[in-house]
Undergrad: 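Below you will find the structure I want to go over with you.
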Amino acid sequence: ARGEEKIDSFDVAITVEKDGDIEVSETIQVTSEGVRIRRGIFRDLPRYYADDEGRPGDKLPYQYDVKRVTRDGLREPYTVEREGNAFRIRIGDADVFLDRGSHTYEIEYEVKNQIRYFDTHDELYWNVTGNYWLFPIDQSAARITLPEEARIISQSGYTGGFGETGQDYAY
């Protein structure tokens, strides 16, 4: 039987801090067949977002701080690259090929000033899995923890590929 490289599960825990920063912990389980997932994976995050309150077309930078990266429970080497709108976490050792099969990556990072503040509400707008994967994602989940005194006044989510507005999720 022919194997398929894929993301088996993509689970994310986001903790919103009182100062507007978020702490993100991602657990990404992949199946590697040694074709494209050979030495590790890339995690691409956006570098900029549109400034809703500034001049049209202005972009503001996201500020990331990578705290920890592991593969199968052990620390894994990584580098950070910045190109265009991509903040890339390149995970793995260039001199080590992965065994075929299942691998679990854990990535922890902080994003500064992620909460957007409006007159009537504050907002967390976050693309949980991102748009840059070359592999299918079988399932994903996000758990968001808000500060104790926070009150949810509305929620929405979208599923599918880039630009789609599917509603195949549970809240």
Side-chain angles (χ1 to χ4, degrees), residues 4-31 36-37 41-67 69 80-91 102-171:
E4 176 187 15
E5 291 188 318
K6 62 182 179 165
I7 297 173
D8 301 297
S9 65
F10 196 119
D11 296 321
V12 179
I14 299 171
T15 301
V16 178
E17 303 292 336
K18 287 182 181 181
D19 64 2
D21 297 349
I22 62 172
E23 297 283 339
V24 181
S25 178
E26 300 179 343
T27 302
I28 306 168
Q29 185 176 0
V30 303
T31 297
R36 296 192 107 166
I37 303 175
I41 63 171
F42 303 136
R43 177 61 171 111
D44 289 340
L45 299 160
R47 284 182 60 198
Y48 303 102
Y49 63 96
D51 182 0
D52 294 333
E53 299 192 13
R55 295 182 310 214
D58 279 358
K59 296 185 295 184
L60 298 174
Y62 286 109
Q63 297 175 40
Y64 298 101
D65 182 12
V66 179
K67 305 286 187 182
V69 177
V80 171
E81 301 170 353
R82 293 166 179 85
E83 183 176 325
N85 192 37
F87 177 92
R88 173 171 282 177
I89 306 169
R90 181 185 294 265
I91 303 167
S102 180
H103 296 281
T104 301
Y105 291 89
E106 294 182 53
I107 308 166
E108 293 179 4
Y109 55 93
E110 179 183 56
V111 187
K112 293 285 192 190
N113 303 313
Q114 176 54 37
I115 300 302
R116 297 180 189 190
Y117 300 99
F118 298 95
D119 290 339
T120 59
H121 66 281
D122 301 335
E123 176 184 78
L124 169 64
Y125 188 86
W126 190 251
N127 185 333
V128 172
T129 59
N131 298 324
Y132 307 110
W133 293 101
L134 300 174
F135 314 103
I137 300 173
D138 283 352
Q139 65 180 13
S140 65
R143 183 179 69 253
I144 301 169
T145 304
L146 301 173
E148 192 172 305
E149 63 279 355
R151 186 173 53 93
I152 299 172
I153 59 173
S154 73
Q155 64 79 33
S156 62
Y158 306 101
T159 61
F162 180 72
E164 293 181 26
T165 57
Q167 299 289 304
D168 187 19
Y169 73 95
Y171 166 75

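This one's a predicted model, so the numbers in the text were calculated from it and none came from an experiment.
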Undergrad: Distance check, rounded to the nearest 0.5 Å: Leu146 atom CG versus Ile14 atom CD1?
TA: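 Leu146 CG to Ile14 CD1: 10.0 Å, rounded to 0.5 Å.
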Undergrad: Are side-chain heavy atoms of Asn113 and Gln63 found at a separation under 4.5 Å?
TA: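 Of all side-chain heavy-atom pairs linking Gln63 with Asn113, at least one is under 4.5 Å.
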Undergrad: Might you work through the side-chain hydrogen bond (donor to acceptor under 3.5 Å, both in side chains) test for Ser102 and Gln29, ending with a clear yes or no?
TA: CA-CA 7 Å; Ser102 180; Gln29 185 176 0; 2.8 Å; yes
Undergrad: Does atom OH (Tyr158) have a neighbourhood of more than 12 heavy atoms from anything else shown, all under 6.0 Å?
TA: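 Open.
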Undergrad: Assess whether side chain to side chain contact (heavy atoms under 4.5 Å, CB included) is satisfied between Phe87 and Val66, documenting all intermediate values.
TA: CA-CA 11 Å; Phe87 177 92; Val66 179; 4.2 Å; yes
Undergrad: Can you list everything that forms a side-chain hydrogen bond (donor to acceptor under 3.5 Å, both in side chains) with Asp11? Sequence neighbours excluded, please.
TA: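 Listed in chain order: nothing, the list is empty.
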Undergrad: Between the main-chain N or O of Gly157 and the side-chain N or O of Tyr169, is there a donor-acceptor pair closer than 3.5 Å?
TA: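 Indeed, once roles are kept as given, a pair shorter than 3.5 Å links the two residues.
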Undergrad: Quick one: are Phe162 and Asn127 in side-chain contact, heavy atoms under 4.5 Å?
TA: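 Heavy-atom side-chain distance check fails, nothing below 4.5 Å.
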Undergrad: Apply the test side chain to side chain contact (heavy atoms under 4.5 Å, CB included) to residues Glu4 and Thr31: give CA-CA distance (whole Å), side-chain angles for both, the deciding distance (0.1 Å), then the verdict.
TA: CA-CA 7 Å; Glu4 176 187 15; Thr31 297; over 6 Å; no
Undergrad: Does the side chain of Trp133 reach to within under 4.5 Å of the side chain of Phe10, using non-hydrogen atoms?
TA: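 The answer is yes, as the side chains (C-beta and beyond) meet within the 4.5 Å cut-off.
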Undergrad: Kindly indicate, with the supporting measurements, whether the criterion side chain to side chain contact (heavy atoms under 4.5 Å, CB included) is fulfilled by Glu23 and Glu17.
TA: CA-CA 8 Å; Glu23 297 283 339; Glu17 303 292 336; 3.5 Å; yes
Undergrad: Between CZ of Phe42 and CD1 of Ile89, what distance do you get to the nearest 0.5 Å?
TA: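 With rounding to 0.5 Å, CZ (Phe42) is 12.0 Å from CD1 (Ile89).
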Undergrad: Are any non-hydrogen side-chain atoms of Lys59 and Arg47 less than 4.5 angstrom apart?
TA: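 No, their side chains stay 4.5 Å or more apart.
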Undergrad: Any chance you could measure Asp65, atom CG, to Glu108, atom CD, to the nearest 0.5 Å?
TA: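 Between atom CG of Asp65 and atom CD of Glu108 there are 11.5 Å.
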Undergrad: When you compare the side chain of Trp126 with that of Val111, does any pair of heavy atoms fall below 4.5 Å?
TA: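 Val111 vs Trp126: side chains touch.
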Undergrad: Tell me whether the count of non-hydrogen atoms from other residues, nucleotides or ligands lying under 6.0 Å of CG in Asp168 goes above 12.
TA: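 No, the 6.0 Å shell around CG holds no more than 12 heavy atoms from other groups.
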Undergrad: Does any non-hydrogen side-chain atom of Val24 lie less than 4.5 Å from one of Tyr64?
TA: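 Counting from C-beta outward, Tyr64 and Val24 never come under 4.5 Å.
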Undergrad: Salt bridge check: are Glu83 and Arg88 linked by an N-O gap of less than 4.0 Å?
TA: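 Salt bridge: no.
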Undergrad: For residues Val30 and Phe135, determine if any side-chain heavy atom of one lies less than 4.5 Å from a side-chain heavy atom of the other.
TA: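 Counting from C-beta outward, Val30 and Phe135 never come under 4.5 Å.
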Undergrad: For the residue pair Tyr105 and His103, categorise the inter-ring angle as parallel (less than 30°), tilted (30 to 60°) or perpendicular (more than 60°).
TA: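 Tilted.
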Undergrad: Could you grab the distance from atom CD1 of Ile7 to atom CD1 of Ile28, nearest 0.5 Å is fine?
TA: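 Taking CD1 in Ile7 and CD1 in Ile28, the distance rounds to 6.5 Å.
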Undergrad: Using 0.5 Å steps for rounding, measure from the CD atom of Gln139 to the OG atom of Ser9.
TA: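 If I round to the nearest 0.5 Å, the distance is 5.5 Å.
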Undergrad: Which is it for Leu45 and Tyr109 under the side chain to side chain contact (heavy atoms under 4.5 Å, CB included) test, yes or no, and what are the steps along the way?
TA: CA-CA 11 Å; Leu45 299 160; Tyr109 55 93; 3.5 Å; yes
Undergrad: Considering only residues two or more places apart or on different chains, which pairs with a residue in residues 129-148 satisfy salt bridge (charged side-chain N to carboxylate O under 4.0 Å, His left out)?
TA: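 Applying salt bridge (charged side-chain N to carboxylate O under 4.0 Å, His left out) to every pair that reaches into residues 129-148, excluding sequence neighbours, yields Lys6-Asp138.
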Undergrad: In this structure, are over 12 heavy atoms from other groups packed under 6.0 Å from Lys67 atom NZ?
TA: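 Above 12, so yes.
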